[in-house]
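To find a chain, count down the sequence lines: A is the first, B the second, and so on, and within it residues start at 1. Bear in mind that the values here come from a model prediction, so they are computed numbers and not experimental data.
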Amino acid sequence: MPRLPRRFFARPTLEVARDLLGQRLVRVWNGKRLAGIISETEAYIGESDLACHARFGRTPRSEVMYHAPGHVYVYFTYGMHWMLNVVTEMEDFPAAVLVRAIMPTEGMPLMRERRGRPDAILTDGPAKLTQALGIDRQLNGHDLCSREAVLFIEKAPPRPNARILRGPRIGLGNTPEPWLSKKWNFKIRDS
DNA sequence: GGCCCGATACTCT
DNA sequence: GAGTATCGGGCCC
């Protein structure tokens, strides 16, 4: 299956977040493929979105969100976790989709080694999947659409039985309304 | 299944 | 100095 082209990401963030569900996230590590089907995403859109890291404008951390669509924004949080985001919309407009969960399909032995936990909880959270795939600061700013990418997203066959659930974003804590309640979280529920 | 809590270090008003 | 786009362990159903 072909890789998603840059124009896929150069669209409204909510559309990208929804359409990323069911696609295959691939990490190439030492020539081996680690992959999984994206099953949960979340949109963060612009400086006015008070849950978005660009709410303070262009800073060293948020810089990558202002880059061209198809780049990857990887950030560190809670003193120990890495989060994977895909930059969307047009260059200089800061927006991204957080990948919150994947269903593992390839390279599970290495994922198990990295996680040291049961298969059922290998990649079912944003920090779990980065640990399983070996994604950290080194990949911040990486271009998913370049020929030499070691991280990219492949178009996967449609999932006819998949239902898409929408809800509020997770873990926003003190974020004020209306941002707290925006239904910008998307997930697949297979039936 | 659920709730509570500590770990941990980086970001920025 | 405060807050954080989380996880896992301990505990209780």
Worksheet item: Is there a chain of hydrophobic side chains (I, L, V, M, F, W, Y, each step under 4.5 Å between heavy atoms) that links A:I45 to A:W179?
Response: yes
Heavy-atom nearest nucleotide on DNA chain B taken for A:T77 and for A:T59; more 5' hit belongs to A:T77
Side-chain atoms of A:N85 come closest, of B:dT11, C:dA5, C:dT6, to C:dA5
Within residues 96-106 of chain A, those residues having any heavy atom closer than 4.0 Å to DNA chain C are A:L98, A:R100
Practice item. Check whether any side-chain nitrogen or oxygen of A:R137 sits under 4.0 Å from OP1 or OP2 of B:dT11, and answer yes or no. Key: yes
>> Tell me if the CD atom of A:E106 is crowded by more than 12 foreign heavy atoms within 6.0 Å.
In response: yes
Indicate yes or no: does A:K155 engage A:D19 in a salt bridge with an N to O separation below 4.0 Å.
-> no
Report yes or no: is there a donor-acceptor pair, N or O only, under 3.5 Å between the side chain of A:Y78 and the base of B:dA9? no
Going by centres under 5.5 angstrom and planes under 30 degrees, do the aromatic ring of A:F76 and the base ring of B:dA9 stack? no
query = Backbone N or O of A:S181 within a donor-acceptor pair of the A:E177 side chain at under 3.5 Å?
reply = yes
Residue pairs passing the ring-ring contact (aromatic ring centres under 6.0 Å, His included) test with at least one member in residues 27-58 of chain A, sequence neighbours excluded, are A:H53-A:Y73, A:H53-A:Y75
When rounded to whole Å, the CH2 to C1' distance for the pair A:W82 and C:dT6 reads 14 Å
Is the phosphate of B:dT11 approached by A:H53 (side-chain N or O, under 4.0 Å from OP1 or OP2)?
no
Check whether A:V97 and A:I153 end up in the same hydrophobic cluster, where Ile, Leu, Val, Met, Phe, Trp and Tyr are linked by side-chain heavy atoms less than 4.5 Å apart. yes
Exercise for the section: Check the side chains of A:R114 and A:Q131 for a donor-acceptor pair under 3.5 angstrom, ignoring hydrogens and angles. Expected result: no
A:H81 NE2 to B:dG6 P, in whole Å, measures 15 Å
Worksheet entry | Cation-pi geometry met for A:R11 and A:F8 (6.0 Å, 45°) | yes
- A:R115 side-chain N/O to C:dG8 phosphate OP1/OP2 under 4.0 Å: yes
From CZ of A:F56 across to P of B:dC10 the rounded distance in Å is 18 Å
Just by modelled atom types, is the A:A43 backbone N or O under 3.5 Å from a matching donor or acceptor in the A:R169 side chain?
yes
message = Base, sugar-phosphate or nothing for A:R61? Non-hydrogen atoms, less than 4.0 Å.
response = sugar-phosphate
Secondary structure of DNA chain C per the Watson-Crick/G-U criterion (both distances under 3.5 Å; [ ] crossing, | other strand, . unpaired) is ||||.|||||||.
From OH of A:Y75 across to C1' of B:dT11 the rounded distance in Å is 12 Å
Separation of C:dC7 atom P from A:L122 atom CG, nearest Å, is 13 Å
Taken to the nearest whole Å, CZ/A:R169 to P/C:dT6 is 12 Å
At under 4.0 Å between heavy atoms, what does A:M80 touch on the DNA or RNA strands: base, sugar-phosphate, or nothing? base
*Please determine if a side-chain N or O atom of A:N174 lies less than 4.0 Å away from the OP1 or OP2 oxygen of C:dG3.*
no
Here the distance between atom P of C:dA5 and atom NZ of A:K128, to the nearest Å, is 18 Å
>> With a cut-off of less than 4.0 Å, is there a side-chain N or O of A:R55 near OP1 or OP2 of C:dG3?
In response: no
Could you tell me whether A:A127 contacts a base, only the sugar-phosphate backbone, or nothing, with contacts defined as non-hydrogen atoms closer than 4.0 Å?
sugar-phosphate
Any donor-acceptor pair under 3.5 Å from A:E89 side chain to A:A10 backbone
no
A:D136 CG to B:dC10 P, in whole Å, measures 13 Å
